[in-house]
Amino acid sequence: MEWTDERVELLRKYWSEGLSASRIAAQLGGVSRNAVIGKVHRLKLSSRGRTTTATTRQKKAPSTVTKTVVKATVQRVVTTSIGATALQAQFDAEPVVHRQLRPAENVVVPISRRLSLVDLTERTCKWPNGDPLTEEFSFCGNQSGESGPYCAYHARVAFQPASERRRLR
DNA sequence: CCCTGATTCGC
DNA sequence: GCGAATCAGG
């Protein structure tokens with residue numbers, strides 16, 4: 001690939017928006033994150049303001065939990081059928097917890113990165129958010145690892161142990 | 001292991 | 001100028 005004016009412009013834009021080098025590389029296509037970083041340096045675009053160099057932090061749930069059951073919009077994913085039909089199930093943009101868990105633990109619901117199909121990689125959560133036919137549709141995109149197609153959170157929702165599923169009914 | 005950006009250095 | 005390799009860190 002070549003660093004055309006348009007591509008450099010996009011690079012500037014994404015970088016200023018705080019996107020990581022790897023994600024910018026995915027957006028542009030044809031280049032590696034190293035290429036992006038190298039280019040950023042040559043353009044002297046480093047720094048990027050006050051972006052805390054570290055990974056985006058996650059909000060820790062209220063520690064001093066006084067048996068307070070985490071309130072959340074309950075959503076029911078009906079799984080009376082499998083296969084293609086299941087794709088018609090409705091999903092909330094930001095999902096949620098169902099009832100409570102054993103020793104009532106506060107599960108941290110991850111914030112979806114809302115990636116588009118083209119931004120998914122082998123290790124990003126492929127849990128769909130919203131209706132595939134609308135513009136708001138996106139995928140969770142958090143890290144999933146080789147463990148599966150979903151992040152830790154969505155894996156739990158997707159693969160509920162038979163025992164637990166019984167309880168939820 | 002996965003990810004992030006920073007630097008180096010041969011091409 | 002480019003970017004893979006490598007380093008340093010979460």
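First the proteins, then the strands, lettered A, B, ... as listed; each starts at 1.
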In whole angstroms, the gap separating P of dC3(B) from CG of L115(A) amounts to 12 Å
**Message:** When you measure from the side chain of T121(A) to the backbone of R123(A), do you find a donor-acceptor pair of N or O atoms at a distance under 3.5 Å?
**Reply:** yes
For a quick test of your reading: what N or O donor-acceptor pairs under 3.5 Å do the side chains of residues 29-44 of chain A make, sequence neighbours left out?
from	atom 1	to	atom 2	distance (Å)
S32(A)	OG	N34(A)	N	3.4
S32(A)	OG	A35(A)	N	3.1

*Going by atom types only, do S116(A) and D119(A) share a side-chain donor-acceptor pair under 3.5 Å?*
yes
So side-chain hydrogen bond (donor to acceptor under 3.5 Å, both in side chains) across residues 1-14 of chain A, not counting sequence neighbours, yields Y14(A)-Q27(A)
Contact check, residues 25-32 of chain A vs DNA chain B, heavy-atom distance under 4.0 Å, returns none
When rounded to the nearest 0.5 Å, the distance separating SG of C151(A) from CZ of R113(A) is 11.0 Å
**Prompt:** OP1 or OP2 of dC2(C) sitting under 4.0 Å from any side-chain N/O of K39(A)?
**Reply:** yes
Separation of dC3(B) atom P from L19(A) atom CG, nearest Å, is 16 Å
- Message: So, OP1 or OP2 of dG1(C): does either fall under 4.0 Å of a side-chain N or O from R42(A)?
- Response: no
Sorted by chain and number, sequence neighbours left out, side chain to side chain contact (heavy atoms under 4.5 Å, CB included) with A152(A) holds for none
Given protein heavy atoms under 4.0 Å, the one-letter contact record of nucleotides 6-11 of chain B, with B base, S sugar-phosphate only and - none, is simply BB----
Taken to the nearest whole Å, CH2/W3(A) to P/dG3(C) is 7 Å
Across all chains, not counting sequence neighbours, the side chain to side chain donor-acceptor pair (under 3.5 Å) partners of E17(A) are none
**Prompt:** Between Y150(A) and F159(A), what is the ring plane arrangement, given parallel below 30°, perpendicular above 60°, and tilted in between?
**Reply:** tilted
From CZ of R7(A) across to C1' of dG1(C) the rounded distance in Å is 15 Å
L45(A) CG to dC2(C) P, in whole Å, measures 12 Å
note: D119(A), atom CG; dC3(B), atom C1'; distance rounded to Å ~ 16 Å
Q143(A) CD to dT4(B) P, in whole Å, measures 8 Å
Here the distance between atom P of dG1(C) and atom CG of L11(A), to the nearest Å, is 15 Å
### Pairwise side-chain contact, F139(A) with T124(A), heavy-atom cut-off 4.5 Å (strictly under)
no
